[in-house]
Amino acid sequence: MASGVTCLPVRAPAAQPHLPAASKSPGRYLAGRAAIGSANAVIHPFILPRFLLSLWLLVAGALLSAVLLACGPGSNSADQKPGGAAVSAVDSVVAGPQPLLDSTYVIRQLRAEPLFKVQEGPARRFYRERSFRLGWFRNHKLLPQAQTLLDLLPKAADEGLDPKKYQVKDFAKLASALQAAGSDTARRNAVERETDVALTGTYLLWASDYYRGVANPHDVKDTSWQVKPNKIKLHKALLTFLGERKSRYNYYEFAPLHPEYEGLKEALASYRAQEQAGGWPLLPAALKLRPGQSAAAVPALRQRLAGGAAPRADTSAAALAYDTALVRKVKIFQQDAGLRPDGIVSGTTLRQLNVPIAARIDQLILNMERWRWLPKKFEPDYLLVNIPEYKLHVVEGGKEAFAMRVIVGKTLNATPIFSDRMEYVVLAPYWNVPYSIIDKEMRPRLVANPSYLDRLDMEVVSGSGRKAKVIDPSGINWADVTEANFKYTVRRRPGPKNDLGDVKFIFPNANDVYLHDTPHDELFSETQRNFSHGCVRVQEPIKLATYLLREKSGWSQSAIVDTIANRREKYISLKQKLPVYLVYFTAWADANGHAHFREDIYGHDKALAKEYFN
């Protein structure tokens, strides 16, 4: 091309990589990876090559822009800029039918690049639906969406992705080859074919990471995450991006599928800006500070909460005073971290304050990744338990109706991450004792005295439900009982001693996990509430039961309470099965834009970090 053709990219107005402002509605609110944080944490390398990658893509973009200007609409205009003769020359030789692809060629091109190879399936489906016509060219003219895609790649770090990963093909070289083809139709067709598959491979590689996730547990059958998956069809997304089909999802804008993801992205940008400005100071490990006291570390604490590097030395009395304004900020920090807001700086509060900013950035990225694993769209009504947050969210019509505290499994009895549908509310439930408890905790006493069960308000039954028949425990040889030969059920009767409390909420699943009440309400006052054997205990079971049965005639709150008082187990089917999600988010952004962090209680962040960042 003549030198007068310069490098302002031609963009497609409907295909801007624009991300809409985040919706921070608390109705879809989800929930620190302190275990990942360490004193030697470093800035993640995703953002370090930004300049070099941008430069590389600028060159590629400039050359593609030149091709677009040469071959795109308006290239035959009478008032062509300098270089118009060259444009006319290109137009005059770009003739004949558009080249076609075939399955063998597409497969060969993709398999030549290891990162493209994994996208072979969606790429073949994409081209098969097009009868193997080129996707990125029209009448030998490169579509503006190609430039849109290349403009997007340097911004991958904004999504917590690695921009270098998408630098698979040298588009500057391909763009030069297109220009150099001249009147050589065969040569140009060959370059168009190669460029088309390269753009498809690049898009699918990016879209797979952006929409499905870099470390999607469903790809490797990771049983630690069993929430129903995001079933996005990447070849359909590409067709939407190229303007060949319509979709309810904004694939043409590269918009996130969930507003919560956008909130985390905004927090990531804010934390990175703070990191670039110097991060925050480290507080003394032995610090113990109460409201009204003074300490040499107070200026550093003030600067830590203001978001900045270490403060200038100031030993004045006012500077060293832990005053009311600073106490208020500490309490806000404690609330955002799920801690008791007492304003005391020591212990867990101090440890959370000293988590390096690089670790918090990684934590935000990991939780953005988890959002990619979720279904593209939630149902209007559902229940969601965020395990590290110790909270149940009740969502109705896409908005949060109410929330309540929950107790989840201990580290050794971790509450599983999965989704299912709630079918029953059980009033005055029996509690079936797991065999592991019978074997490890009860067997010695049962061998010595089978009537020990009476003191526990328990009984042995054969069968289940209405057909259950009470068995005399003295007739069982408890010393020889094994899980294989024990054909009975040990259960605790309904009442104040029952481990399930007054209500149980069943969503049948292979994990045998459900929501239930508890007789130990005092545990809900704790900030760290991982005490159960895996099931989820809810703080307000009557409120939840009343809500779930609101459309069932005859089941008002008073009717529920009266039924419980009778101490006779009662199963009630829900009018409609309700989706239930048990998820694991250790970071999120609330409606005010504050980033919230929680402890990685089961080590899932730590495990994901090894896979994601390596």
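Checked options D222, I387, T223; the residue passing with I417 is I387 (criterion: side chain to side chain contact (heavy atoms under 4.5 Å, CB included)). Looking at N432, L456, L453 one by one, the single match for side chain to side chain contact (heavy atoms under 4.5 Å, CB included) with R492 turns out to be L456. Tested against L289, the residues L301, V330, I344 include a single side chain to side chain contact (heavy atoms under 4.5 Å, CB included) partner, L301. Checking V583, D420, L582 one by one against V227, the side chain to side chain contact (heavy atoms under 4.5 Å, CB included) holds for a single residue, V583.
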task: Carefully, step by step, assess R421 and E379 under the rule salt bridge (Lys or Arg N to Asp or Glu O under 4.0 Å).
output: CA-CA 11 Å; R421 289 181 175 268; E379 299 83 354; 3.7 Å; yes
field: Pair Q352-E599, side-chain hydrogen bond (donor to acceptor under 3.5 Å, both in side chains): steps then yes or no
entry: CA-CA 9 Å; Q352 292 295 319; E599 292 276 7; 3.0 Å; yes
field: Check against side chain to side chain contact (heavy atoms under 4.5 Å, CB included), W206 and E159
entry: CA-CA 11 Å; W206 156 265; E159 313 294 338; 3.9 Å; yes
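Not one N or O on the side chain of T349 forms a donor-acceptor pair closer than 3.5 Å with the backbone of V345. For N367 (side chain) and Q363 (main-chain N/O), a donor-acceptor pair under 3.5 Å exists by modelled atom type. Not a single donor-acceptor pair under 3.5 Å links the side chain of Y390 to the backbone N or O of E526. Checked by atom type and distance alone, the side chain of K487 pairs as donor or acceptor with a backbone atom of A484 at under 3.5 Å. Side-chain N or O atoms of Q335 include none that pairs as donor or acceptor with a backbone N or O of P341 at under 3.5 Å. In terms of modelled atom types and a separation under 3.5 Å, the side chain of R529 and the main chain of L523 share no donor-acceptor contact.
Of all heavy-atom pairs between Y271 and I357, the closest is O-CD1, 3.4 Å. In terms of heavy-atom proximity, P375 sits nearest to H258 at O-NE2, 2.8 Å. Minimum heavy-atom separation, L287 to A297: CD1-CB, 4.0 Å. Pairing each heavy atom of A587 with each of F597, the nearest pair is CB-CD2, 3.8 Å. Here the shortest heavy-atom pairing between D439 and R443 reads OD1-NH2, 2.6 Å. Minimum heavy-atom separation, C535 to V513: SG-CA, 3.8 Å.
The number of heavy atoms from other shown groups lying within 6.0 Å of NZ (K117) does not exceed 12. Heavy-atom neighbours of R445 CZ from other residues, nucleotides or ligands within 6.0 Å: at or below the threshold of 12. With a 6.0 Å radius and a threshold of 12 heavy atoms from other residues, nucleotides or ligands, E522 has its CD atom above the threshold. Enclosure of atom NZ in K288 is not indicated, since only 12 or fewer non-hydrogen atoms of other residues, nucleotides or ligands lie within 6.0 angstrom. Shown here is Y488, whose OH atom has no more than 12 heavy atoms of other residues, nucleotides or ligands within 6.0 Å.
Geometrically, R491 engages Y430 in a cation-pi contact defined by less than 6.0 Å to the ring centre and at most 45° from the axis. Figure legend: cation-pi geometry between R550 and Y547, with NZ or CZ positioned under 6.0 Å from the six-membered ring centre and within 45° of its axis. Relative to the ring axis of W280, R304 places its NZ or CZ within 45° and under 6.0 Å from the centre.
Side-chain contact check for Y584 and D600: at least one donor-acceptor pair (N or O, by modelled atom type) lies under 3.5 Å. With hydrogens and angles left out, the side-chain atoms of N477 and D480 include a donor and acceptor closer than 3.5 Å. For the residue pair S451 and D454, no side-chain donor N or O sits within less than 3.5 Å of a side-chain acceptor on the partner.
For the pair R372 and E369, the salt-bridge criterion is met [side-chain N within less than 4.0 Å of a carboxylate O]. Salt-bridge annotation for K504 and E569: absent, with no side-chain N of the basic residue lying under 4.0 Å from a carboxylate O of the acidic one.
Ring pair F507/F505: centre-to-centre distance not below 6.0 Å.
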